Colleague: 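Supplied in structure tokens, the structure appears directly below.
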Protein chains: 2
Amino acid sequence: MANQTAGGSHRAAPVHTDPEDVSVLTALSALADPVRLQLVRELAGSPVWTRSCGSFDVPVGKAALSHHFSVLRGAGLVEQRDEGPKRVNRLRREEFDARFPGLLDLVLRAENRL
Amino acid sequence: MANQTAGGSHRAAPVHTDPEDVSVLTALSALADPVRLQLVRELAGSPVWTRSCGSFDVPVGKAALSHHFSVLRGAGLVEQRDEGPKRVNRLRREEFDARFPGLLDLVLRAENRL
DNA sequence: CGGACTGTAAGATGTTCATCGAACACTCGG
DNA sequence: CCGAGTGTTCGATGAACATCTTACAGTCCG
């Protein structure tokens, strides 16, 4: 019957935090980690809603990966949506940029090595 | 004979890091701490070279304080100079801003609660 | 249904880091 | 030279966190 994108999954919906409710400290802490930094960067270089959690080339297991995405959600950086068995991601560019102007741009600059 | 600012103290000079040599990760990590955030903010609101390390109203002992200043120096955020028995500080606004445009401005905005 | 795939949850482990207390170094004024 | 003031270093402690392993909960396909 109902398809994935349509009806709605029976899975617990991911908890999202509005960037407006995020403190500077939380935002900086979220970005101050090599793995999460790479996630954000890869995400920024991909079309929206195209990357599932497992599609990232990071050197950690899926449990840790799940944790990192939880942190990114809590910082208002990433939005997630269930699409069949996968959970696809979107970088909340505009919303996050409205709350912290220039921060994402800064982090995404190639000049900024690790 | 030689006065403090002139001759040069016999004390170990503080180790400074050029903002140009600082990674994004280091910069974000340095700012992702409540005590250091407060130090930077207080420093930004004071004239240059007027604040000694002990003049900040932070809820930590002097040992921890010394550590935090070390981190801030390592991130290219603060410059220190010995002035008599005191060590006075300067926020490296322009230099840091050249390396990470907008980051300091963002952190100093009053709108950004802790 | 059963199995492959994807992600989350819980518990254990190890490391990093913020903090403190105490000892030390240096400067300056009596 | 001594003492007050200022800051650093060292060792230890405790908390936070990143990670793993294992177990579990969904979704989809045959």
Side-chain angles (χ1 to χ4, degrees), chain A residues 1-16 25-26 28-39 49-75 78-90, chain B residues 1-16 25-26 28-39 49-75 78-89 114:
Chain A
M1 43 188 266
N3 207 350
Q4 66 289 9
T5 50
S9 83
H10 294 172
R11 211 177 337 179
V15 184
H16 288 112
L25 214 50
T26 302
L28 294 177
S29 301
L31 291 171
D33 176 278
V35 174
R36 290 194 287 267
L37 204 47
Q38 184 178 343
L39 291 178
W49 300 127
T50 60
R51 307 292 304 266
S52 70
C53 294
S55 74
F56 293 84
D57 187 26
V58 284
V60 296
K62 56 179 186 174
L65 193 56
S66 182
H67 161 67
H68 285 303
F69 273 108
S70 164
V71 173
L72 290 177
R73 282 199 312 268
V78 162
E79 186 181 3
Q80 295 186 315
R81 173 210 296 176
D82 285 344
E83 208 160 273
K86 309 194 173 179
R87 181 160 283 188
V88 289
N89 300 275
R90 176 183 84 87
Chain B
M1 40 181 285
N3 209 350
Q4 66 288 7
T5 51
S9 84
H10 292 173
R11 210 177 337 180
V15 184
H16 288 115
L25 215 49
T26 302
L28 294 178
S29 301
L31 292 171
D33 175 279
V35 174
R36 290 193 289 267
L37 205 48
Q38 184 178 342
L39 291 177
W49 301 127
T50 60
R51 306 293 303 268
S52 70
C53 294
S55 74
F56 294 84
D57 186 26
V58 283
V60 296
K62 56 179 186 175
L65 192 55
S66 182
H67 162 67
H68 285 303
F69 273 108
S70 164
V71 173
L72 290 177
R73 282 198 313 267
V78 162
E79 186 181 4
Q80 296 185 314
R81 175 211 294 175
D82 285 343
E83 209 161 273
K86 309 194 176 181
R87 183 160 282 189
V88 289
N89 300 276
L114 185 66

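Just so it is clear, the model here is predicted, and its values are computed rather than measured. Per chain, numbering begins at 1; letters A, B, ... match sequence-line order.
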Colleague: Please check: side-chain N/O of A/Ser55 versus main-chain N/O of A/Arg51, any donor-acceptor pairing under 3.5 Å?
Modeller: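 Not confirmed, A/Ser55 side chain does not pair with A/Arg51 backbone.
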Colleague: Rounded to the nearest angstrom, tell me the gap between atom CD in B/Gln80 and atom P in D/dT6.
Modeller: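 Answer to the nearest Å: 15 Å.
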Colleague: Would you kindly give the CG-to-C1' distance between A/Leu65 and C/dA9, to the nearest whole Å?
Modeller: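 In whole Å, C/dA9 C1' lies 15 Å from A/Leu65 CG.
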Colleague: Would you compute the distance between atom CZ of B/Arg36 and atom NE2 of B/His68 and round it to the nearest 0.5 angstrom?
Modeller: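 Interatomic distance, B/Arg36 CZ to B/His68 NE2, rounded to 0.5 Å: 5.5 Å.
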Colleague: Could you tell me how far apart A/Glu83 (CD) and C/dC5 (P) are, to the nearest whole angstrom?
Modeller: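 So the CD-P distance, A/Glu83 to C/dC5, works out to 19 Å.
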Colleague: In terms of side-chain geometry, is the basic nitrogen of B/Glu83 or B/Arg81 positioned less than 4.0 Å from the acidic oxygen of its partner?
Modeller: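 So B/Glu83 pairs with B/Arg81 through a salt bridge.
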Colleague: Roughly how far apart are B/Arg73 CZ and B/Asn89 CG, rounded to 0.5 Å?
Modeller: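 Rounded to the nearest 0.5 Å, the CZ-CG separation comes out at 9.0 Å.
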Colleague: Rounded to whole Å, how long is the line connecting atom CZ of A/Arg73 with atom C1' of C/dA9?
Modeller: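 The answer, rounded to whole Å, is 13 Å.
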Colleague: Any side-chain heavy-atom pair from B/Cys53 and B/Lys62 closer than 4.5 angstrom?
Modeller: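 Answer no - side chains too far apart.
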Colleague: Could you grab the distance from atom NZ of A/Lys86 to atom CH2 of A/Trp49, nearest 0.5 Å is fine?
Modeller: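 So the gap between those two atoms works out to 15.5 Å.
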Colleague: Take nucleotides 20-25 of chain C nucleotide by nucleotide from the 5' end and write B, S or -, depending on whether a protein heavy atom sits under 4.0 Å from the base, only from the sugar-phosphate, or from neither.
Modeller: BB----
Colleague: Are any of A/Ser52's side-chain N or O atoms less than 4.0 Å away from OP1 or OP2 of C/dG7?
Modeller: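 Yes.
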Colleague: Would you indicate which nucleotide in C/dT19, D/dA18, C/dT6 comes nearest to any side-chain atom of A/Asp33?
Modeller: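 That would be D/dA18.
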Colleague: Output the rounded distance in Å from CZ (A/Arg87) to P (D/dC28).
Modeller: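 For the pair A/Arg87 CZ and D/dC28 P, the rounded distance is 13 Å.
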Colleague: Starting the side chain at C-beta, find the nucleotide from D/dA18, C/dA18, C/dT8 nearest to B/Arg36.
Modeller: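 Selected nucleotide (nearest to the side chain): C/dA18.
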Colleague: Quick check for you: among D/dT19, D/dT9, D/dC28, whose closest atom lies nearest to any side-chain atom of B/Ser66?
Modeller: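 Between D/dT19, D/dT9, D/dC28, the one nearest the side chain of B/Ser66 would be D/dT9.
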Colleague: Measure from CG on A/Asp82 to P on D/dA25 and round the result to the nearest Å.
Modeller: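 From A/Asp82 CG to D/dA25 P: 17 Å.
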Colleague: Using atom CZ of B/Arg51 as one end and atom C1' of D/dG7 as the other, report the distance to the nearest whole Å.
Modeller: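 About 16 Å, once rounded to whole Å.
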Colleague: When rounded to the nearest 0.5 angstrom, what distance separates CG in A/Leu31 from CG in B/Leu31?
Modeller: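 So the gap between those two atoms works out to 11.5 Å.
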Colleague: A/His67 NE2 to D/dT21 C1': how many Å, rounded?
Modeller: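 From A/His67 NE2 to D/dT21 C1': 16 Å.
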